[in-house]
Each structure stands twice: as structure tokens, then as C-alpha cells.
Amino acid sequence: FLLLLAPSAFAADYSFCFLKNGPQAGQQDKNRLAELGAAHMKHINDMYEAKALDGAGPVAQWPGTRGIFLFVVPLPEAEKLGNQDPMVRSGEMRLECHRWQGPGRIGQRYRE
């Protein structure tokens, strides 16, 4: 069964980024990991408040992939913002971003 959608149904470009295990994954002590986790959450909130990020969250049961970012900014800007994340900067995680087309204003309900 093939479902065809009008082009307007997919009217927006997003940057969809995976947070994956980085080169230093699992090498941080518990205290450092807690600090990085708090800084990571602050960074997510800051990107969300700046309206660059529409969604983020953890990923379960996909080995090596730990989370996602859904940006509403062009890919180069998403990569720049994502690479500024403290977890990424520490090497605990690494970022892998792709362009994705989806429904316009997909994050509106998320923000509400």
C-alpha cells in the first residue's frame, strides 16, 4: 500500500541529529558525568528557548545511540549548536546530523 501525500504536507526542513557514544564514552567518573548531564540539560533548554530546537530526548534499545535533537535551523547551524553540547565537547557523546523534511510547525504542540 502506497500513500502519496501532497508536497505541502512536508513543508519544512529540519535538522535531525543523533547523539551517539563518543570516543570517551563510559570513561567519565560519576561526579563528572553528573556535572556533564546537568550542563547537557541546560544546553538543551537554552537551544529550545532560543527557538533553534523543537525537540530532544533519549533513545532506548538502540545500541550506541543515546538521544536525538530535532532542530529547526539549517544543518550547519544545527551541527554548530549540537557540537557545543557539553556531553559532545567532553567526548562522552558525538553528533551525527541529517537534513529531514517533515510537517511544518511540527514542534508547535511540543512547545505548548
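Ion pairing between E77 and K80 fails under the 4.0 Å rule for side-chain N and carboxylate O.
In this structure the side chain of R99 reaches within 4.5 angstrom of the side chain of D13, judged on heavy atoms. Looking only at side-chain heavy atoms (C-beta outward), F71 and D54 stay at 4.5 Å or farther from each other. You'll find the side chain of S90 stays beyond 4.5 Å of the side chain of Q24, heavy atoms only. Taking 4.5 Å as the limit, every side-chain heavy atom of T65 sits out of range of all side-chain heavy atoms of L19. Inter-residue side-chain proximity for D46 and E49 is flagged as unmet; no heavy-atom pair is nearer than 4.5 Å.
Using modelled atom types, one finds a donor on one side chain and an acceptor on the other under 3.5 Å when comparing H40 with D85.
The shortest heavy-atom contact between L70 and L53 is O-CD1, 3.4 Å. What you find for V73 and S15 is that their closest heavy atoms are O-OG, 2.8 Å. Nearest heavy atoms, L95 versus C17: CD1-CB, 3.8 Å.
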Handout entry: side chain to side chain contact (heavy atoms under 4.5 Å, CB included) between Q84 and V88, intermediate numbers included
Key = CA-CA 7 Å; Q84 291 172 355; V88 174; over 6 Å; no

Problem - Derivation and outcome, salt bridge (Lys or Arg N to Asp or Glu O under 4.0 Å), residues R66 and E92 - result: CA-CA 10 Å; R66 296 167 64 176; E92 180 67 28; 3.0 Å; yes

Handout entry: Residues L33, M87; criterion side chain to side chain contact (heavy atoms under 4.5 Å, CB included); working and verdict
Key = CA-CA 9 Å; L33 199 54; M87 284 286 208; 4.1 Å; yes

Practice task
I would like to know whether K51 and V72 meet side chain to side chain contact (heavy atoms under 4.5 Å, CB included); could you show each step before the answer?
Solution key: CA-CA 8 Å; K51 296 189 180 355; V72 293; 5.7 Å; no

Exercise for the section: Check the pair F69, L81 against side chain to side chain contact (heavy atoms under 4.5 Å, CB included), reporting the backbone distance first and the verdict last. Expected result: CA-CA 10 Å; F69 288 153; L81 289 168; over 6 Å; no

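Taking hydrophobic clusters as Ile, Leu, Val, Met, Phe, Trp and Tyr residues chained together by side-chain heavy-atom distances below 4.5 Å, I44 shares a cluster with M93.
In this structure, the side chain of N83 engages the main chain of E79 through a donor-acceptor pair within 3.5 Å.
Between F18 and H98, the ring-plane angle classifies as perpendicular under the 30° and 60° cut-offs.
Interatomic distance, W62 CH2 to I68 CD1, rounded to the nearest 0.5 Å: 9.5 Å.
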